Chemist: 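The structure that follows is given in the form of structure tokens.
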Amino acid sequence: MNRFGIAAEPIDIAPLRARLLHERAGAFAAFEGWVRNHNDGRPVDGLRYEAYVALAEAEGERIVLEALEKFGALDACCVHRVGDLPIGELAVWVGVSAAHRDAAFDTCRWIIDEVKSRVPIWKHERYTDGRSDWLHPRQTHPTDSGG
Amino acid sequence: MNRFGIAAEPIDIAPLRARLLHERAGAFAAFEGWVRNHNDGRPVDGLRYEAYVALAEAEGERIVLEALEKFGALDACCVHRVGDLPIGELAVWVGVSAAHRDAAFDTCRWIIDEVKSRVPIWKHERYTDGRSDWLHPRQTHPTDSGG
Amino acid sequence: MARVTLLYFASLRDAAGAASETLESAAPDLAALYEETRLRHGFVLPLAHLRVAVDGAFAAWTDAVRDGTEVAFIPPVSGG
Amino acid sequence: MARVTLLYFASLRDAAGAASETLESAAPDLAALYEETRLRHGFVLPLAHLRVAVDGAFAAWTDAVRDGTEVAFIPPVSGG
């Protein structure tokens, strides 16, 4: 299995985490993006993610491999949901195992940042006032979207 | 239940994570410390953690509350094992939920750093050459112990 | 003339009313191909906000439009 | 004289051969109490490397030794 995947069904975390267990690993860091009930001050009902799957998987895979090279972690993987997601649903999961916690945290943070800025996935938010919007941020800042 | 605990039995992650789910949370970060098969170049067989439980729980609780105050995350919790642990076993778990990922990552990292430097828990390593040692680092550096 | 299949995602798909279309174009490069497509469908996103991919790999706007390829215009992404 | 219970952890417990002991001490403060204990058990850790707790809360080495309290000498920690 590859280190990055697009999932059309709810993400099952346990087997993803289990893949990263390693006798040389002393540290594991994970990040989860959940669907929040608000964004930029607007109450959100739920959302839909859409991906250009072939390119998303290729670019996601590149990100994870670049991260492992850059920070020297032992292993990492990332899965991103597509489809309709209710509030509270898991949208993206990143897990990293490393000998030490510096590499685990840095790799995990770098992967989610790069996934948010480079992988062709789009969020369509439904607001409680009945309107909805595709989110096309000009640039992704750490605090302006999702998590 | 408190936000910091000492566990004499294997840590069950799922209910800890479930406590942190929140409709306002868009981000969740977790850290796990695992028993590695080596430390400082010496092959390790397994280890034992011992705690001054009453003080460890009080100090751990203070750390989590200080972290929530400092970084504005929504919720956090931490559990540390004591007793005999084989290679690969989960020694410590930290989870944090927040509106955005900056707060989730920063809180998670700060909690594990403070737990390692302030909470009265000691590690006793058994090496494959038959020797064993209590670890009493003069000061805890990010890369000199466990994860 | 090159025969190409265009892929639309997110707001571009909504504006185009289709996820893809196949057409003949005389555009000399991918930038010109986007501009003619933008005018035809009334896309509001300027080229500077997009990326472009050909046959599933990121490409440069100055690349020629090659016959038989699949071209995707990538609006600003918002995963995570 | 104050009657105190001393708690030992990790390498201090190994060196003392006990997890705790109850004794009478004339030490004026917790620092002096550690020094007399260190000499008696041959502890190698100097006071500067330790912290001290009284009745389950961190305390200052300059605090007086109070009768009926439980004193813990905290060697450098290594959790995580």
Side-chain angles (χ1 to χ4, degrees), chain B residues 4 6-7 31-36 39-40 47-60 62-63 78-82 85 90-94 109 111-125 132-147, chain D residues 3-23 29-31 33-35 37-66 68-80:
Chain B
F4 183 91
I6 295 291
F31 176 80
E32 302 182 13
W34 296 339
V35 179
R36 276 186 298 158
N39 191 24
D40 253 332
L47 52 77
R48 182 154 56 92
Y49 280 106
E50 171 182 313
Y52 178 11
V53 176
L55 184 57
E57 293 192 332
E59 188 70 355
R62 261 192 296 274
I63 288 170
C78 177
V79 175
H80 201 298
R81 266 301 297 283
V82 291
L85 280 72
L90 180 59
V92 58
W93 187 88
V94 183
R109 178 64 198 252
I111 288 173
I112 187 62
D113 286 353
E114 294 294 305
V115 164
K116 288 172 89 90
S117 70
R118 289 165 53 183
V119 175
I121 299 172
W122 299 274
K123 188 190 317 202
H124 187 256
E125 287 184 340
S132 67
D133 257 330
W134 285 104
L135 273 70
H136 289 313
R138 182 69 181 91
Q139 220 174 341
T140 304
H141 300 290
T143 54
D144 72 359
S145 61
Chain D
R3 185 176 182 79
V4 290
T5 296
L6 303 183
L7 305 183
Y8 302 121
F9 297 98
S11 66
L12 295 191
R13 192 194 48 234
D14 288 357
S20 73
E21 59 182 344
T22 299
L23 50 78
D29 60 17
L30 296 169
L33 179 63
Y34 180 69
E35 289 304 336
T37 306
R38 185 170 72 83
L39 290 174
R40 188 156 48 85
H41 288 304
F43 293 162
V44 295
L45 288 168
L47 179 143
H49 292 196
L50 305 191
R51 298 180 74 185
V52 63
V54 175
D55 291 342
F58 285 114
W61 286 113
T62 52
D63 289 352
V65 178
R66 286 178 290 112
T69 55
E70 188 177 76
V71 176
F73 300 123
I74 314 284
V77 303
S78 49

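Here the structure is a predicted model, which is why all the values come from computation and not from measurement. For the numbers below, each heavy atom of this structure counts, side chains included, while hydrogens, waters and symmetry mates do not.
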Chemist: Hey, which of D/Gly56, D/Pro75, D/Ala53 has the most heavy atom pairs under 4.5 Å with chain B?
Modeler: D/Pro75
Chemist: Using a distance-only test with no angle check, is there a side-chain donor-acceptor pair under 3.5 angstrom linking D/Thr22 and D/Thr5?
Modeler: yes
Chemist: Can you tell me if D/Thr69 uses its side chain to pair, donor with acceptor, with the backbone of D/Val54 under 3.5 Å?
Modeler: no
Chemist: With a 4.5 angstrom heavy-atom cut-off, which part of D/Ala57 approaches chain B: side chain, backbone, both or neither?
Modeler: backbone
Chemist: Check each atom of B/Ala56 against the heavy atoms of chain D and say whether the ones under 4.5 Å are side chain, backbone, both or neither.
Modeler: neither
Chemist: Out of B/Val79, B/Ile112, B/Val115, B/Ile63, which residue meets the side chain to side chain contact (heavy atoms under 4.5 Å, CB included) rule with B/Val94?
Modeler: B/Ile112
Chemist: Quick one: does B/His136's side chain have a donor or acceptor within less than 3.5 Å of a partner on D/Pro76's backbone?
Modeler: yes
Chemist: Which bit of B/Trp134 is near chain D, if near means a heavy-atom gap under 4.5 Å: side chain, backbone, both or neither?
Modeler: side chain
Chemist: Out of B/Arg48, B/Glu32, B/Glu50, which one racks up the most heavy-atom pairs below 4.5 Å with chain D?
Modeler: B/Glu50
Chemist: May I ask you to establish whether D/Arg51 and D/Phe58 are in a cation-pi arrangement, using a distance under 6.0 Å from NZ or CZ to the six-membered ring centre and at most 45° from the ring axis?
Modeler: yes
